[in-house]
Amino acid sequence: MAKIAGLDAFKENQEVKEVDTSKKVKIGIIGTGWIAESHINVYKQMEDVEIVALADLIPGKAEKFAKKFEIDGCRFYESDEALLAGEKELDGVSICTYNGTHASCTINALNAGVNVMLEKPFTVTLDEAVKVMKAEKKSGKILTIGFQPRMSENMKMIKKIVDSGELGDIYYMQAGGGRRRGIPTPFGTTFIEKETGGIGAVGDIGSYSLDMLLGAVGYPKPLTVSGYTSAFHGTNPGYYTKHPEYAEKFGVDDFAAAFVRLEGGIILDFRISWAMHMDTCGDALILGTKGGLRIPSTECWNGEFDKPLTIYKSLGDQTVEYQVPLKPKDQLFTKKLRAFVDSIKEGGEATVPSSEIIYNQAIIDGIVKSAELGREIEIEIPEI
């Protein structure tokens, strides 16, 4: 089998960083739903972190959360505003609320001078994202978005291959993956109601797919989008085994597709699904003038993948393929929050900066608006 040019250059040594526990970082968690469980489990393992406050809109929920995860000595609040007003020595917060409050909670935290780890999607709309970034700029604090796949060595390999020049100039990308049956209702209806979720599959798992592909090519600015969304499954009472009444509450998309033109002449063919009569929308593809890259399909691109990346090339009139061996799976959520804590302690920068994810959000926003209008639209991102 032929060898990828410069493949050895993709290898790197991982140094184990020693953690300074002499001063603990004080962390609060806003929203104590299921995603907050992943945050608390990781923070508990960090000897240099102290969970000092929890907030949830439902009375008593934060207290039950603390008891379940054996968090002693923290204070409880029924709103993000109350937590931020009551905690004068807070270093950072994890915002784990439903999509509809991402913007307001983040703006409140930044205005209070607190660093933010915001779970994805960034916001519901582009306008909200712009307001958040203005607050971030004014505060001078860290805002990082919760895309843990960024921490995966296998995901990083995608960008390394593109940056190596092995594929040449990139001209087309295809998003794939998607769920056959995976509307997220095991924890209630906050994901699927318009008021709380705001957007459906396009933001929930589509944002992961967009980050993987856009990140690989340096996050070019989106120019135009022709989008489509549907909700045939989510609004069908027959979809829900135990709760057919959820169909009446469903107010977001369960499938989305789009044709996006990016700066630099790159085309993005996007599709994502919470539910469809198909096992996958396909593998993700990156096509270049010298080669193509196949990224094996997953349900939502929110972690690792289980099959190797494959590079397709031509040598004269012969077609050849190379597989890039998978690296061992890692604790991505742990690395995500570790990076956030380290950036607070060291005055560092966001691991997943809003300056990139604003383009991710602009595409999501554009898909929704284009679908509503039934035509292609231009994407306009205001100066911040």
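Atom set for the values below is all heavy atoms of this structure, side chains included, hydrogens, waters and symmetry mates excluded.
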Show me the side-chain donor-acceptor pairs of residues 94-103 shorter than 3.5 Å, one per line, residues at least two apart or across chains.
from, atom 1, to, atom 2, distance (Å)
S94, OG, H39, ND1, 2.9
S94, OG, Y43, OH, 2.8
T97, OG1, T101, OG1, 2.8
N99, ND2, G197, O, 2.9
T101, OG1, Y98, O, 3.1
H102, ND1, E119, O, 3.3
H102, ND1, P121, O, 2.7
H102, NE2, T97, O, 3.0

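- Between the side chains of T190 and T196, no donor N or O sits under 3.5 Å from an acceptor N or O.
- Think of L287 as one node in a network of Ile, Leu, Val, Met, Phe, Trp and Tyr side chains linked at under 4.5 Å; its network also takes in Y171, Y172, F259, I267.
- Scanning all heavy atoms of the two residues, the minimum distance from P149 to L332 falls at CA-CD1, 4.3 Å.
- Rounding to the nearest 0.5 Å places CD1 of I379 at 11.5 Å from CD of E263.
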All N/O donor-acceptor pairs, side-chain side in residues 209-216, below 3.5 Å, sequence neighbours left out:
from, atom 1, to, atom 2, distance (Å)
D211, OD1, R150, NE, 3.3
D211, OD1, R150, NH2, 2.9
D211, OD1, Y219, OH, 2.7
D211, OD2, R150, NE, 2.9

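- With sequence neighbours excluded, the residues forming a salt bridge (charged side-chain N to carboxylate O under 4.0 Å, His left out) with K26 are E50, listed by chain and number.
- The side chain to side chain donor-acceptor pair (under 3.5 Å) with E245 is formed by just one residue from the set K242, K249, H243; it is H243.
- The list of ring-ring contact (aromatic ring centres under 6.0 Å, His included) pairs with a residue in residues 46-85, not counting sequence neighbours, reads F65-F69.
- Each of K156, K335, R338 was compared with D330 under the salt bridge (charged side-chain N to carboxylate O under 4.0 Å, His left out) criterion, and only K335 meets it.
- Of the charged side-chain nitrogens involved, at least one lies within less than 4.0 Å of a carboxylate oxygen, so that E37 and K68 count as a salt-bridged pair.
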Under 3.5 Å, side-chain donor or acceptor atoms of residues 176-186 against the rest of the protein: list the pairs with distances, not counting sequence neighbours.
from, atom 1, to, atom 2, distance (Å)
R179, NH1, G182, O, 2.7
R181, NH2, Y239, O, 2.4

